[in-house]
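Just so it is clear, the values below take in all heavy atoms, side chains as well, and ignore hydrogens, waters and symmetry mates. Whatever order the structure lists them in is the order used to number ligands and atoms, beginning at 1. Quick note: residue numbers are just sequence positions, from 1.
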Amino acid sequence: MTTQTSPRTALSVNVNKVALVRNTRHLGIPSVTRASQLCLEAGAQGITIHPRPDERHIRASDVYELAELLKRWPDAEFNIEGNPTQNLMEFIRRTRPNQATFVPDSEDQFTSDHGWTFPQDAERLKPLIDECRSLGVRVSLFMDAIPGQMAAAKAVGADRVELYTEPYAASWATADKETQLEIYAAAAQAALDAGLGVNAGHDLNRDNLPDFVARVPGLLEVSIGHALIADALELGYAEAVRAYQRSIDAGMAGKR
Ligand SMILES: CC(=O)[C@@H](O)[C@H](O)COP(=O)(O)O
Ligand SMILES: NCC(=O)COP(=O)(O)O
């Protein structure tokens with residue numbers, strides 16, 4: 001078993017939903033770049049976007065404007081998510097983000113709801129992972145919390161996995177929470193044992209974050225969008241980011 005001292009889990013704010021609201025008028029507000037700037041000023045360690053092919057929220061123009069913004073934040077990370085067999089690779093080639101998170105979504109998918117599957121997906125992913133790494137871009141694979149899949153994710157060349165956390169989030173207020181935490185802890189440990197870094201995301205929020213951070217070993221990054229932006233509608237971006245940082249700190253304090 002690979003153990004490591006617990007790194008402080010980084011918060012990457014996903015600004016998809018700012019773009020979603022912006023796109024309902026031709027006024028350019030709320031601004032995606034201003035939202036990102038305010039989140040970074042408040043202490044977020046990164047910005048995540050998922051430029052889907054239908055541009056339902058993040059548009060190609062957002063990708064390039066955010067890439068320029070992040071150049072002014074050298075200590076922050078830019079994480080671009082997407083399906084590398086669709087539109088993602090062009091964005092990676094042109095912007096060289098810190099991290100590319102490969103997500104196996106179809107073009108018309110309502111939202112992300114599953115990870116990659118090995119060995120089926122290995123052959124088509126390997127050259128795309130190799131290209132990202134040749135560009136100096138870290139690759140994270142969006143994965144279900146299945147311990148037996150982690151070695152294959154490493155074998156195909158991934159640097160990290162992002163654990164898809166909706167099943168945990170859905171269990172949080174139920175009797176199934178403890179079982180889910182054990183599943184995610186085992187999947188994270190299997191990833192660590194395989195030599196992978198561990199990220200996580202989808203439906204995480206202020207309430208369910210502390211337990212997850214406390215129980216999942218080696219958690220390097222959480223990318224959070226929907227709930228954080230919803231909270232920002234009430235609290236403002238800066239206070240929302242500070243609230244999520246407090247949730248992460250509560251989880252860090254609770255690590256065994
Ligand atoms: C991969 C993942 O779980 C999310 O980052 C994804 O970006 C959510 O996409 P929507 O914001 O379009 O629901
Ligand atoms: N990779 C998860 C992400 O970026 C945001 O997911 P959500 O918090 O919007 O569900």
**Report entry** Residue of the set Ile58, Asn87, Ile92 for which side chain to side chain contact (heavy atoms under 4.5 Å, CB included) holds with Val63
**Finding:**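 The passing option is Ile58.
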
Report task. May I ask you to decide if the ring planes of His202 and Tyr164 are parallel, tilted or perpendicular, using 30° and 60° as cut-offs? Result ->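 Rings of His202 and Tyr164: perpendicular, over 60°.
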
Does ligand 1 have a heavy atom under 4.0 Å from the side chain of [X], from its backbone, from both, or from neither?
X: Thr48; answer: neither
X: His226; answer: neither
X: Arg56; answer: neither

Requested in this report: Output the set of protein residues with a heavy-atom contact under 4.0 Å to ligand 2, ordered first by chain identifier and then by residue number.
Outcome: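 These residues qualify: Asn14, Thr48, Glu81, Glu162, Gly201, His202, Asp203, Ser223, Ile224, Gly225, His226.
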
Can you confirm whether the side chains of [X] and [Y] place a donor and an acceptor under 3.5 Å from each other?
X: Ser106; Y: Asp108; value: yes
X: Gln109; Y: Asp113; value: yes
X: Gln99; Y: Glu221; value: yes
X: Asp207; Y: Trp172; value: no
X: Tyr244; Y: Asn205; value: no
X: Asn79; Y: Thr48; value: yes
X: Arg52; Y: Ser112; value: yes

Numbered atoms and elements of ligand 1 in range of [X], under 4.0 angstrom, heavy atoms:
X: Lys17; result: 11 (O), 13 (O)
X: His57; result: 10 (P), 11 (O), 12 (O)
X: Thr111; result: 8 (C), 9 (O), 10 (P), 13 (O)
X: Phe142; result: 1 (C), 3 (O)
X: Asn14; result: 5 (O), 7 (O)

Query raised in the report: Nearest protein heavy-atom contact for atom 11 (O) of ligand 1: which residue, which atom, what distance?
Result: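 Sorting protein heavy atoms by distance from atom 11 (O) of ligand 1 puts Asn16 ND2, 2.8 Å first.
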
Query raised in the report: Nearest protein heavy atom to atom 1 (C) of ligand 1, by residue and atom, and its distance?
Result: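 Ranked first by proximity to atom 1 (C) of ligand 1 is Ser112 OG, 3.3 Å.
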
Query raised in the report: Do Arg215's NZ or CZ and the ring of Tyr184 fall within the cation-pi criteria of under 6.0 Å and 45°?
Result: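 No.
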
Query raised in the report: Taking the non-hydrogen atoms of Glu162, is any one of them nearer than 4.0 angstrom to ligand 1?
Result: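 Checking ligand 1 against Glu162, which is what was asked, there is no heavy-atom contact under 4.0 Å.
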
Report task. Pick, from Arg52, His202, Glu166, His50, the option with the minimum heavy-atom distance to atom 9 (O) of ligand 1. Result ->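 The residue whose heavy atom sits nearest atom 9 (O) of ligand 1 is Arg52.
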
Report task. Determine, for Arg56 against Asp54, whether the closest basic-nitrogen to carboxylate-oxygen distance falls under 4.0 angstrom. Result ->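 Yes, charged N to carboxylate O under 4.0 Å.
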
